[in-house]
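Scroll down for the structure; my scribbles are underneath it.
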Amino acid sequence: MGAKITIIGAGSVGATIAYTLSQDTIASELVLIDINKQKVEGEVLDIEQGTCFRNSITIKNGDYADAAGSDIVVITSGVARKPGQTRLELTQTNVNILKSITPEIVKAAPDALYVIVSNPVDILTYVFTKISGLPENQIIGSGTLLDTARLRCGLAEKLNIAQRNVHAYVYGEHGDTSFVPWSITRVAGSKIEDHIEMMRALGKDVKDVDYDELIEYVRKSGGKIIANKGATFYAVSRSVVEICHLLLASSESTAMVSSMMHGEYGVEDVCLSTLTLVGPKGIGGKLPIKMTEEEIAKFQKSANALKEIIAQIEL
């Protein structure tokens, strides 16, 4: 028997998450909730009609009460940033939306594991943690998992090697102050420079890596995709489905997700991404990977940037 997963928000991201899950095997029941009843009805019908090629799955257009008994609740509700709108204005709008959703969904599914996807994801993860009344281990922000996937994709292309051989991470906020701790980055078990040297010794044409260029690639990918096609939803949806897999697994794995900080790297009372244990009980703890002093300073800078925004919003 598969899991019951509820998705709140049937926009591009929410609907794509629902579709991706419908083609996977971990869920036997999906509930899609959105204020736009007509759109969510259409999304459910469209997704449902593509499930005859897999084992039976129930997909329904529901209300909050239908989320009862959910193993996982994914929250994607929110609005995109409009031209001329400040980040603070967008944040307050989406905070208000989350504040209206939270008591309804928590009442219906108090034991579920919650995955926050709406942006700005770190701040909304923080707000949900503060107002939901749920244990912190039940709350996971999608954080920099997508950024990390983009980093590994870009680095693998540069080195002409499979992405599964790249162990690199994006720390901090899902935003402009994110950074890559290169000191802990490994490619097939070696530091990047050592890997390049070994590949060249084998006669491979491998070029040097421009670290600043890679960071820009990670930070600008979302904007480039939006400029070209209007929205990003495939990669982020696959990232969220990966989180669902981790939450339904029999043992814990590591992932770059956002959760409340309690003094790690000198940071507390803010949510942002570090290498974290994720498993059937949600957040299982953070791995205190050793970083350089410069990298720790970047992490603290990222935390402070988020705190400045949090200080200005109305909770």
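Quick note: residue numbers are just sequence positions, from 1. Heavy-atom basis, side chains included; hydrogens, waters and symmetry copies ignored. Just so it is clear, the structure is predicted and the values come from calculations on it, not from any experiment.
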*Heavy-atom neighbours of E242 CD exceed 12 at 6.0 Å*: yes
_CA sep, side-chain torsions, deciding dist, call: H245, D24, side-chain hydrogen bond (donor to acceptor under 3.5 Å, both in side chains)_ = CA-CA 10 Å; H245 271 273; D24 207 313; 2.7 Å; yes
*asked:* Show, in sequence, the C-alpha distance, side-chain angles and deciding distance for K307 and D122, and conclude whether the salt bridge (Lys or Arg N to Asp or Glu O under 4.0 Å) test is met.
replied: CA-CA 10 Å; K307 286 185 175 184; D122 300 293; over 6 Å; no
*Does V127 share a hydrophobic cluster with I8, counting links as ILVMFWY side-chain heavy atoms below 4.5 Å and allowing steps through other members?*
yes
*Short side-chain to backbone donor-acceptor contact, S273 and T144, under 3.5 Å*: yes
*asked:* Restricting to non-hydrogen atoms, name the atom on G222 and the atom on T232 that form the minimum distance, rounded to 0.1 Å.
replied: O-CG2, 3.6 Å
*Is the Y171 ring parallel, tilted or perpendicular to the F299 ring (thresholds 30°, 60°)?*
perpendicular
*Provide the closest heavy-atom pair for A231 versus I225 in the form atom of the first, atom of the second, distance.*
O-CG2, 3.5 Å
*Flag yes if more than 12 heavy atoms outside Y234 fall under 6.0 Å of its OH atom; otherwise flag no.*
no
*Classify the side-chain pair S183/E295 by whether it contains a donor and acceptor separated by less than 3.5 Å.*
yes
*With distance as the sole test, does S302 use its side chain to make a donor-acceptor pair with the main-chain N or O of K298 at under 3.5 Å?*
no
*Kindly give the heavy-atom pair with the smallest separation between V267 and A303, and that separation in Å.*
CG1-CB, 3.6 Å
*K130 side chain to L315 backbone, donor-acceptor under 3.5 Å*: no
*Test side-chain hydrogen bond (donor to acceptor under 3.5 Å, both in side chains) on T185 and K191 and set out the steps.*
CA-CA 6 Å; T185 298; K191 293 182 178 180; over 6 Å; no
*Might you point out which heavy atoms bring L145 and S239 nearest each other, and give the distance in Å?*
CD2-O, 3.4 Å
*Near K229 NZ, under 6.0 Å, is it more than 12 heavy atoms from other residues, nucleotides or ligands?*
yes
_If we ignore hydrogens and angles and just use 3.5 Å, is the side chain of N165 paired with the main-chain N or O of A188 as donor and acceptor?_
no
*Answer yes or no: is there an ion pair linking D63 with K37, defined by an N-O contact shorter than 4.0 Å?*
yes
*N94 side chain to V79 main-chain N or O, any donor-acceptor pair under 3.5 Å?*
yes
*Has the side chain of S178 got a donor or acceptor atom that lies under 3.5 Å from a matching backbone atom of H174?*
no
*Close side-chain approach of W182 and I215, heavy atoms under 4.5 Å*: yes
*Can you find a side-chain donor-acceptor pair between K301 and T177 that sits under 3.5 Å?*
no
*Over 12 non-hydrogen atoms of neighbours within 6.0 angstrom of CD in Q300*: yes
_Can you confirm whether Q312 is buried at CD, in the sense that more than 12 heavy atoms of other residues, nucleotides or ligands lie under 6.0 Å from that atom?_
yes
*So, the side chain of T20 versus the backbone of A18: is there a donor-acceptor pair under 3.5 Å, distance only?*
no
*Is it true that atom CG of L287 has more than 12 heavy atoms of other residues, nucleotides or ligands lying nearer than 6.0 Å?*
yes
*If Ile, Leu, Val, Met, Phe, Trp and Tyr residues are connected whenever their side-chain heavy atoms lie under 4.5 Å apart, and connections chain through other members, are I196 and Y211 in the same group?*
yes
_Test item: K107 and Y64 side chains (from C-beta on) under 4.5 Å apart, heavy atoms_ = no
*Are V236 and I17 grouped together when hydrophobic residues (ILVMFWY) are joined by side-chain heavy atoms under 4.5 angstrom apart?*
yes
*Ignoring hydrogens and angles, state whether a donor on the side chain of Y169 or D147 is under 3.5 Å from an acceptor on the partner side chain.*
no
*Test item: L146 and S221 side chains (from C-beta on) under 4.5 Å apart, heavy atoms*: no
*Full working for salt bridge (Lys or Arg N to Asp or Glu O under 4.0 Å) between E252 and K281*: CA-CA 9 Å; E252 293 178 325; K281 294 183 180 179; over 6 Å; no
*asked:* Looking only at the side chains, is there a donor atom on one of E308 and N304 sitting less than 3.5 Å from an acceptor on the other?
replied: no
*Looking only at non-hydrogen atoms, find the nearest pair between T6 and S70 and report the distance.*
OG1-OG, 2.7 Å
*asked:* Around atom CD of Q23, are there more than 12 heavy atoms from other residues, nucleotides or ligands closer than 6.0 Å?
replied: yes
*Least distance between heavy atoms, I139 atom then S132 atom*: CD1-OG, 3.7 Å
*Counting N and O atoms only, with roles assigned by atom type, does the side chain of S258 sit under 3.5 Å from a partner on the main chain of G141, one being a donor and the other an acceptor?*
no
*asked:* With a 3.5 Å distance limit and no angle check, can you tell me whether E264 reaches the backbone of H262 through a side-chain donor-acceptor pair?
replied: yes
_Whether D66 and K60 form a salt bridge (side-chain N of Lys/Arg under 4.0 Å from carboxylate O of Asp/Glu) is what I want to check._
yes
*Whether T76 side chain and G9 backbone form a donor-acceptor pair below 3.5 Å*: yes
_Is there a side-chain contact between I59 and V31 in this structure, where contact means two heavy atoms from C-beta onward sitting under 4.5 Å apart?_
no
*Only one of V270, L272, L306, L98 passes side-chain contact (heavy atoms from CB on, under 4.5 Å) with I123; say which it is.*
L306
*May I ask you to check whether over 12 heavy atoms, not counting those of K158, lie within 6.0 Å of atom NZ?*
no
*When clusters are formed by joining ILVMFWY residues with side-chain heavy atoms under 4.5 Å apart, either directly or through shared neighbours, do L124 and V240 land in the same one?*
no
_Is there a continuous path of hydrophobic side-chain contacts, each under 4.5 Å between heavy atoms, that joins L134 to I75?_
yes
_Ion pair check, D194 and R186, cut-off under 4.0 Å_ = no
*Do V115 and L247 have side chains that get closer than 4.5 Å, going by heavy atoms?*
yes
